[in-house]
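Positions are given from 1, in the same order as the sequence printed here. Heavy-atom basis, side chains included; hydrogens, waters and symmetry copies ignored. Counting starts at 1 for both ligands and their atoms, in listed order.
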Amino acid sequence: MTKVFKFGGASVKDADSVRNVAKIIRQYAPEKLVVVVSAMGKTTNALEKVLTAWYENDERLSVYIQEVIAYHQEIISELFPERTNPVYFNTDMLFGEMEGHLSTPPSLNYDFDYDQLVCFGELISTTIISGYLANEGINCRLFDARELIRTDETWREGKVDWQSTQKLVESALSPFLESGDTSKKVALTQGFIGGTAKGATTTLGREGSDYTAAIFAHALNAAKMVVWKDVPGILNADPKFFENTFLLDHISYREAIELTYYGASVIHPKTIKPLQNKGITLCVKSFLNPDAPGTRIEPVSEDDDKTASIILKSDQTLLSFRVKDFSFIAENNLSDIFGALAQCGIRINMMQQSAISFSICFDQNNRKMDQLLRILGGKFDYRYNTGLQLITVRHYDQPTINKLLNGRPLLLEQRSRQTAQFVVKKTN
Ligand code: ASP
Ligand code: MG
């Protein structure tokens, strides 16, 4: 049966990393493999910078474009000493197309332009990697995800048309994967990007390549999906911020959804549902240590509540509303507040109601908050704090919480049976 591997930007950030990916594919690939790859290293950020410069008529635009091109050219020349390799021609075509695109004025639909430009990161990376795998004698074919992942025209956040996608993926990949030849087959494609019925490019949201891999796994009824990362798997807390973290070797889909919902960034939050619908196991493994077992995410796990997991979200705003005449907060007030939040595209991370006030915690975004306060400022008095942290503890126990809070100013707290959340001021 088919398996799906996903390699993110960090796993293909330089020539050595690409060699390592080829090694993993050679060693761990089943007979039929779909490989989904992101843009190399921090290319998506670099292309976002290009886009801003393009929009702002910034004279550094050409410098930024050249930085993106030079970064890839260095990797190409390391991987392909033979100058006649077709990869040079294929990537030059893409560089040229990208430069051509940027030599015309933007359409002024920023989100549309974003997708048409930023997709080059994935298009270039997969062109390089397919060339390298072919050079290594791996039976690899490159598929253009824009022709397979069908979305609507919600630029930067394309909504997948599952029926069309299923048909497109099957009819493109099955003849290759199911063909009689007995060598291992690798269908390579881009993460993060899709296409509309009219042929425009869309993207699925930042870090969306995990989601792409899950869409392919779903469409092909894959036996398994593996996300290869630079961490050993899913840890119970981010080692950048906490000591003594450990690996969760086995969790349920439900737990994975909860952890990603609260902000665990190991896998994209949209990844689990398509897998859960088909009962496909997701493994998160280290590309630096591919023999290690990593984390397995499966339909059920008895172990979910054995460990406290801690998720930290920084740059939080806590905003409290009070009705101007000091009356109680009532349902009609809440409906006004929720309506305005939806209108401004603010996602609530935590909320709490008291007699005369209603508080929400969300990811800091000045533009969205200004818009919100313009809508609601006439009706409500408000106060807010910024630069806060939201700490979520799944399967909490009091000693863990005491250790985490340890005298830090606490602004808001909420506990359910499995989850405790705290909005705190940042300490240094
Ligand atoms: N390259 C895209 C990004 O950096 C998608 C991904 O990495 O998953 O957001
Ligand atoms: Mg990335």
Can N20 and S17 be said to form a side-chain hydrogen bond (donor to acceptor under 3.5 Å, both in side chains), step by step?
CA-CA 5 Å; N20 183 50; S17 315; over 6 Å; no
Taking atom 6 (C) of ligand 1 as the point of reference, which of G121, S209, G8 owns the nearest heavy atom?
S209
Say whether [X], considering both its backbone and side-chain N or O atoms, lies within less than 3.5 Å of an N or O atom on ligand 1.
| X | value |
| --- | --- |
| K6 | no |
| E122 | yes |
| F192 | no |

Could you check whether the rings of Y132 and F80 sit parallel, tilted or perpendicular, using 30° and 60° as the cut-offs?
perpendicular
Taking the six-membered ring for Trp, are Y211 and W162 parallel (under 30°), tilted (30 to 60°) or perpendicular (over 60°)?
perpendicular
Element-labelled atoms of ligand 1 that are located less than 4.0 Å from some non-hydrogen atom of R206:
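Selected atoms, number and element: 3 (C), 4 (O), 9 (O).
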With heavy atoms of T44 as the reference, note each atom of ligand 1 found under 4.0 Å away.
1 (N), 2 (C), 3 (C), 4 (O)
Please find out if less than 6.0 Å separates the ring center of F338 from that of F358.
yes
Could you tell me whether R374 sits above the aromatic face of Y382, with NZ or CZ closer than 6.0 angstrom to the six-membered ring centre and within 45 degrees of the axis?
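No - R374 does not lie over the ring of Y382 by the 6.0 Å and 45° rule.
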